[in-house]
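The shown structure was predicted, so the numbers you read here are calculated from the model rather than taken from an experiment. Letters A, B, ... are given to chains in the order of the sequence lines, protein chains preceding strands, and every chain is numbered from 1.
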There are 2 protein chains.
Amino acid sequence: MIRTPSIRGTTGFALAKVCKSHRVNVATILAEVGLHVGQDMLLAELWEQDGLRGGELAVRLNVEPPTVTKMLRRLQTCGLVERRQNPDDARSFRVHLTDKGRALRDPVAHCWQRAEEKTLASLNPKERQTLHGLLTKIRGDFAPGSTGE
Amino acid sequence: MIRTPSIRGTTGFALAKVCKSHRVNVATILAEVGLHVGQDMLLAELWEQDGLRGGELAVRLNVEPPTVTKMLRRLQTCGLVERRQNPDDARSFRVHLTDKGRALRDPVAHCWQRAEEKTLASLNPKERQTLHGLLTKIRGDFAPGSTGE
DNA sequence: TAGAATTACTTAGCCGGCTAATTAATATCC
DNA sequence: GGATATTAATTAGCCGGCTAAGTAATTCTA
């Protein structure tokens, strides 16, 4: 029997739709602090660990190097990050947050909380925890029981 | 108390990361049939219901009208869709699949199955069902042509 | 050690997205 | 009916993404 897959109605489709919705929510709220969606993710890596190389950022963000090149140029123009020479390797460079970039951490965190609340509005706390656990399991990450910090 | 939200480790962050990963998976596999990621979603709406207006596509895809304009121009150039005049309203138009566009349905469905398998590789069937249920519940908030907000 | 391969990043150009401003057609109101 | 508002779609320009191709520095290798 030839089971024509229904496309819509697959888990991947639902995931894509939820992702899109969440991205719109984040973008809308993030505009209030003057950031474009995507830039927050790069800054988040630097808030976690300052001074990463460009290539390391690409790997952690799961994007290609040219994407990092362009994003850094704009973030640098905005005065949020700066590049410093890497004494160990003249090919690469290290990206450091400016004071202005560091100052955005809490406002952006607040944006994310609001966007998350909007995206997950229809789930109760237990469902949210289940979802969180499944997502972290997909990521191959850990902390399945830890409720944030 | 001074609980500085950790940004990373939130459900929204995990969702964004999983979304990104899945999008990369879809993009990679979708390239085999000559589509860019995003075009599959537009075609999926037409596979579901042919002859939608441009604005209806924008609403269903949760994107802005200019995005639809550009995507349609490219899909039209590729010979996948065609525009037809709307006799009821000369401002708008209706988008119809070509035979070539219709023929992509099953190949794309297969791409999605593969991408989904890759994205959800670490989940067992029961976990996948749970995830599917949660995503569907989230979508229930804004999917059924509701007022959205 | 000189040349070849590899690595790290940039450039150019495209596509999916967005906002702001514009155009054309329809609907509304005086 | 004519002026006005509203709606549907487009254009222009930007940002986040990509691939392909190029450049410069490092490493490998003969």
For a quick test of reading the model: is some side-chain N or O of B/Gln39 closer than 4.0 Å to OP1 or OP2 of C/dG16?
yes
Expressed as a whole number of angstroms, how long is the span from A/Arg94:CZ to C/dA8:P?
12 Å
Taking A/Glu56 first and then A/Arg53, would you say they form a salt bridge - that is, a charged N and a carboxylate O separated by under 4.0 Å?
yes
How close or far is atom C1' of D/dA8 from atom CZ of B/Arg91, stated in whole angstroms?
6 Å
Nucleotide D/dG16, atom C1' - distance to CG of A/Leu42 in whole Å:
11 Å
Tell me which residues in residues 49-74 of chain A put a heavy atom below 4.0 Å from DNA chain C, sorted by number, or none.
A/Arg53, A/Gly54, A/Gly55, A/Pro65, A/Pro66, A/Thr69, A/Lys70, A/Arg73
Roughly how many Å is it from CD in A/Gln76 to C1' in C/dC9, rounded to a whole number?
14 Å
Tell me whether the OP1 or OP2 atom of D/dT10 has a side-chain N or O from B/Arg83 closer than 4.0 Å.
yes
What is the distance from NZ of B/Lys20 to C1' of C/dG17, rounded to the nearest Å?
13 Å
Distance in angstrom units between A/Gln85 CD and D/dA24 C1', rounded:
14 Å
Results of ring-ring contact (aromatic ring centres under 6.0 Å, His included) for A/Phe13 - residues two or more places apart only:
B/Trp112
Taking 4.0 angstrom as the limit, do B/Arg105 and B/Glu48 come out as a salt bridge?
no
Would you indicate which nucleotide in D/dA25, D/dG16, C/dA25 comes nearest to any side-chain atom of A/Ala90?
D/dA25
Determine, for A/Arg8 against B/Glu45, whether the closest basic-nitrogen to carboxylate-oxygen distance falls under 4.0 angstrom.
yes
What pairs with B/Arg74 under side-chain hydrogen bond (donor to acceptor under 3.5 Å, both in side chains), at least two apart in sequence or on another chain?
none
Side chains of B/Leu57 and B/Leu46: does their closest heavy-atom pair fall under 4.5 Å?
yes
Between A/Leu72 and A/Trp47, is there a shared hydrophobic cluster once you connect ILVMFWY residues whose side-chain heavy atoms come closer than 4.5 Å?
yes
Nearest-Å distance for atom pair CZ/C1', residues A/Arg84 and C/dC9:
19 Å
Any A/Arg23 side-chain N or O less than 4.0 Å from OP1/OP2 of D/dC15
no
In whole angstroms, how far is the C1' atom of D/dA8 from the CG atom of B/Asp88?
14 Å
Of B/Val24 and A/His36, the one whose nearest nucleotide on DNA chain D sits closer to the 5' end is A/His36
